[in-house]
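Structure first, then comments.
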Amino acid sequence: MALDTESFDILLATVQRFVRERLVPAENYLEEHDEVPPALIDEMKELGLFGLTVPEEYGGIGLSVSQEVLVNYELGRTAPAFRSVFGTNIGIGSQGILMDGTPEQKAQYLPRVASGELVMSFALTEPDAGTDAASLKTRAELDGDHYVLNGTKRFITNAPRAGAFTLMARTGGPGAGGVSSFIVDAHTPGIQLGKNDKKMGQRGTKTCDVILENVRVPAANIIGGVPGQGFKTAMKVLDRGRLNISATSCGLASRILDESRRYARERKQFGKAIGEFQLIQAMLADSQAELLAGWALVREVAQRFDGKPTHLSDPDVSMRVSCAKLFATEMVGRVADRGVQIHGGAGYINEYPVERFYRDARLLRLYEGTTQVQQLIIGRELLRQD
Ligand code: COS
């Protein structure tokens, strides 16, 4: 699956322009009001951003992973909250249906996901099951042709905007094999949302608890129709998600570097631009070298990802995805830190984008698997391989 080169070049140029002309100027509004202007959300729908990864047969644009990372790099060059509006639709919210759903589930949900009419969100994490996702406690008990769900999901991105969740619950015994993925209509009786989480950064993204009390979900809504496959679906979804976070991290690093270069040229001390001092140049150089290394890794892994049918998981590709997530998200953390350092005291003042990006970037090392989870996956796979 991929968009033809000519159409893709036009799309990429359009996204670049949209980021530069529409999103970057709205960053201050986003920060102050903690919300994405509704007019911009309409524009995102018109541009097809909600359907970037949904195949054309379901009304989407059908990008390959190699194309998707290029788009995410461009979207990374502004506040991550903008991408988050549709990020769960093109990513973790809908990919489970795309990868493992039945033909009926795909036909029923994907066209509305692609148009943006239906916002989907991914509900795996729980108060007591974060990194140890396979220990999740939300129960799904079979009752006739429905399951009855009880439990709490935590830090669920886009829950307040969601029309449906891809939600993992326990239909069987302990461990990964007892977990199933469900498509849950967000308006089903018994679903309640918690208060919006107050986060360190990424203002404008919406995350909260999703509380399920005797929520009746048709048994036909188990993704793929077979119970006990839900943990694997979640892991496959996260593989693609993690690579896209890596691409976003590279985009953000490039924006922070641009802001830092601009400041280094403008700001004068000791009678000349601070960029003329080698200690400032050293910080810029380290950031540039690390950014190029991270981006090369992301693109290489994306190509490998495209080389595999998405329904097959390949531990070697997963291991490389984890390398990309580990390196790119840690890298943008260092680039953001140097960005603040180059700005000096001004970098600690919220008038400058680097102050915001420093806080925004911190989450990239945490969600969709912490750096330590990536280390675990890489270490385990290295010891398993010949
Ligand atoms: N693709 C397909 N299948 C996968 C997979 C992948 N990437 N990773 C694991 N699986 C399969 C395994 O093959 C195993 O199947 P079998 O039982 O048939 O052998 C099953 O899933 C269980 O896997 P594993 O034994 O690795 O489970 P663990 O509990 O040890 O997993 C980690 C540990 C930490 C890797 C996992 O829980 C994890 O990724 N945690 C982080 C969760 C996360 O990212 N949360 C963020 C929430 S979304 S913002």
Side-chain angles (χ1 to χ4, degrees), residues 65 80 83-84 87-88 91-96 98-100 120-138 152-159 162 165-170 172-181 197 199 202 205-210 223-224 226-246 248-249 301 304-305 308-326 329 362-385:
V65 178
R83 176 177 167 270
S84 136
T88 54
I92 56 178
S94 70
Q95 284 290 319
L98 195 62
M99 290 176 178
D100 287 342
M120 288 209 68
S121 159
F122 181 79
L124 173 67
T125 300
E126 297 182 359
D128 295 323
T131 288
D132 187 7
S135 72
L136 63 85
K137 291 194 186 116
T138 295
T152 299
K153 296 290 175 181
R154 179 137 296 172
F155 305 146
I156 304 306
T157 302
N158 260 348
F165 299 99
T166 292
L167 186 145
M168 285 78 206
R170 187 166 302 285
V179 175
S180 300
S181 288
D197 299 322
K199 300 183 289 296
Q202 300 216 1
T205 54
K206 302 291 172 199
T207 67
C208 67
D209 278 5
V210 178
I223 292 181
V226 186
Q229 298 300 309
F231 187 79
K232 288 184 191 175
T233 300
M235 290 299 118
K236 284 194 272 181
V237 164
L238 283 171
D239 274 346
R240 186 163 175 163
R242 287 167 180 166
L243 190 58
N244 280 298
I245 288 181
S246 314
T248 307
S249 301
V301 179
R304 282 177 191 267
F305 212 111
K308 308 277 171 191
T310 48
H311 63 279
L312 285 180
S313 55
D314 179 335
D316 186 60
V317 174
S318 298
M319 186 267 278
R320 287 165 193 267
V321 165
S322 289
C323 290
K325 168 104 177 20
L326 184 157
T329 60
R362 192 63 188 83
L363 185 56
L364 299 165
R365 281 185 265 168
L366 303 173
Y367 61 8
E368 297 195 27
T370 58
T371 292
Q372 289 66 35
V373 163
Q374 313 314 322
Q375 288 171 325
L376 223 149
I377 293 171
I378 299 163
R380 240 170 29 173
E381 181 55 21
L382 284 179
L383 293 171
R384 201 190 63 85
Q385 286 181 358

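When a ligand or atom number is given, it counts from 1 through the structure's own listing order. Keep in mind the model is a prediction, meaning the values are calculated, not measured.
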(request) Please identify which atoms of ligand 1 are closer than 4.0 Å to at least one heavy atom of Ile377. (result) 35 (C)
(message) Within the protein, is there a heavy atom lying under 4.0 Å from atom 40 (N) of ligand 1?
(response) yes
(message) Tell me whether Arg154 is salt-bridged to Glu126, with the criterion being a basic N under 4.0 Å from an acidic carboxylate O.
(response) no
(message) Please tell me if atom 7 (N) of ligand 1 is touched by the protein, where touching means a protein heavy-atom distance below 4.0 Å.
(response) yes
(request) Considering only protein heavy atoms, determine whether one is less than 4.0 Å from atom 12 (C) of ligand 1. (result) no
(message) For the backbone of Met120 and the side chain of Thr88, can you confirm whether one donor and one acceptor N or O come within less than 3.5 Å of each other?
(response) yes
(request) Check each of Arg242, Met319, Glu126, Lys232 against atom 43 (C) of ligand 1 and report the one with the nearest heavy atom. (result) Arg242
(request) To the nearest 0.5 angstrom, please state how far the OG atom of Ser322 sits from the CZ atom of Arg380. (result) 9.5 Å
(message) Taking 4.0 angstrom as the limit and counting only heavy atoms of Leu238, give me the atoms of ligand 1 inside it, by number and element.
(response) 43 (C), 44 (O), 48 (S)
(request) Could you tell me which atoms of ligand 1, counted from 1 in the order shown, lie closer than 4.0 angstrom to a heavy atom of Ala134? (result) 29 (O)
(message) Checking the side chain of Lys325 only, and the main-chain atoms of Leu364 only, is there a donor and an acceptor separated by less than 3.5 Å?
(response) yes
(message) Looking only at protein heavy atoms, which one is nearest to atom 34 (C) of ligand 1, and what is the separation?
(response) Thr131 O, 3.8 Å
(request) Determine, considering heavy atoms only, which of Lys325, Arg380, Glu368 sits nearest to atom 26 (O) of ligand 1. (result) Arg380
(message) Looking at every heavy atom in both Ser180 and Gly228, which two are closest together, and how far apart are they?
(response) OG-N, 2.9 Å
(request) Applying side chain to side chain contact (heavy atoms under 4.5 Å, CB included) between Leu243 and each of Thr248, Leu238, Val317, Val301, report the one that passes. (result) Val301
(request) Kindly identify the option in Met235, Lys236, Met99 whose heavy atom sits closest to atom 9 (C) of ligand 1. (result) Met235
(request) Go through ligand 1 atom by atom and flag the ones less than 4.0 Å from a non-hydrogen atom of Ala176. (result) 22 (C)
(request) Can you sort out which atoms of ligand 1 are near Ser318, meaning under 4.0 Å from one of its heavy atoms? (result) 7 (N)
(message) Closer than 4.0 Å and a protein heavy atom, does any atom meet both conditions relative to atom 32 (C) of ligand 1?
(response) no
(message) Looking at Ser246 and Arg242, would you say the former's side chain and the latter's main chain have a donor-acceptor pair under 3.5 Å?
(response) yes
(message) If I compare all heavy atoms of Ala133 with all of Leu124, which pair ends up nearest, and what's the gap?
(response) CB-CD2, 4.0 Å
(request) Show which atoms of ligand 1 fall inside a sub-4.0 Å distance from at least one heavy-atom site of Thr125. (result) 47 (C)
(request) Could you list which atoms of ligand 1 come closer than 4.0 Å to a heavy atom of Gly369? (result) 43 (C), 44 (O), 46 (C)
(request) May I ask whether Leu376 places a heavy atom under 4.0 Å from ligand 1? (result) no
(request) Taking Arg240 for its side chain and Ile92 for its backbone only, find out whether a donor-acceptor pair lies under 3.5 Å. (result) no
(request) Can you pull out the closest protein heavy atom to atom 2 (C) of ligand 1? Residue, atom name and distance to 0.1 Å, please. (result) Ser313 OG, 3.1 Å
(message) Less than 4.0 Å is my threshold; does some heavy atom of Gly177 fall inside it relative to ligand 1?
(response) no
(request) Might you point out which heavy atoms bring Thr125 and Gly130 nearest each other, and give the distance in Å? (result) CG2-CA, 4.2 Å
(request) Evaluate side chain to side chain contact (heavy atoms under 4.5 Å, CB included) for Met168 paired with Thr138, printing each intermediate quantity in order. (result) CA-CA 8 Å; Met168 285 78 206; Thr138 295; over 6 Å; no
(request) Check each of Phe231, Phe122, Tyr367, Phe155 against atom 20 (C) of ligand 1 and report the one with the nearest heavy atom. (result) Phe231
(request) Enumerate the atoms of ligand 1 whose separation from the nearest heavy atom of Asp239 is less than 4.0 angstrom. (result) 6 (C), 7 (N)
(message) Between Asp197 and Thr207, do the side chains contain a donor N or O and an acceptor N or O under 3.5 Å apart?
(response) yes
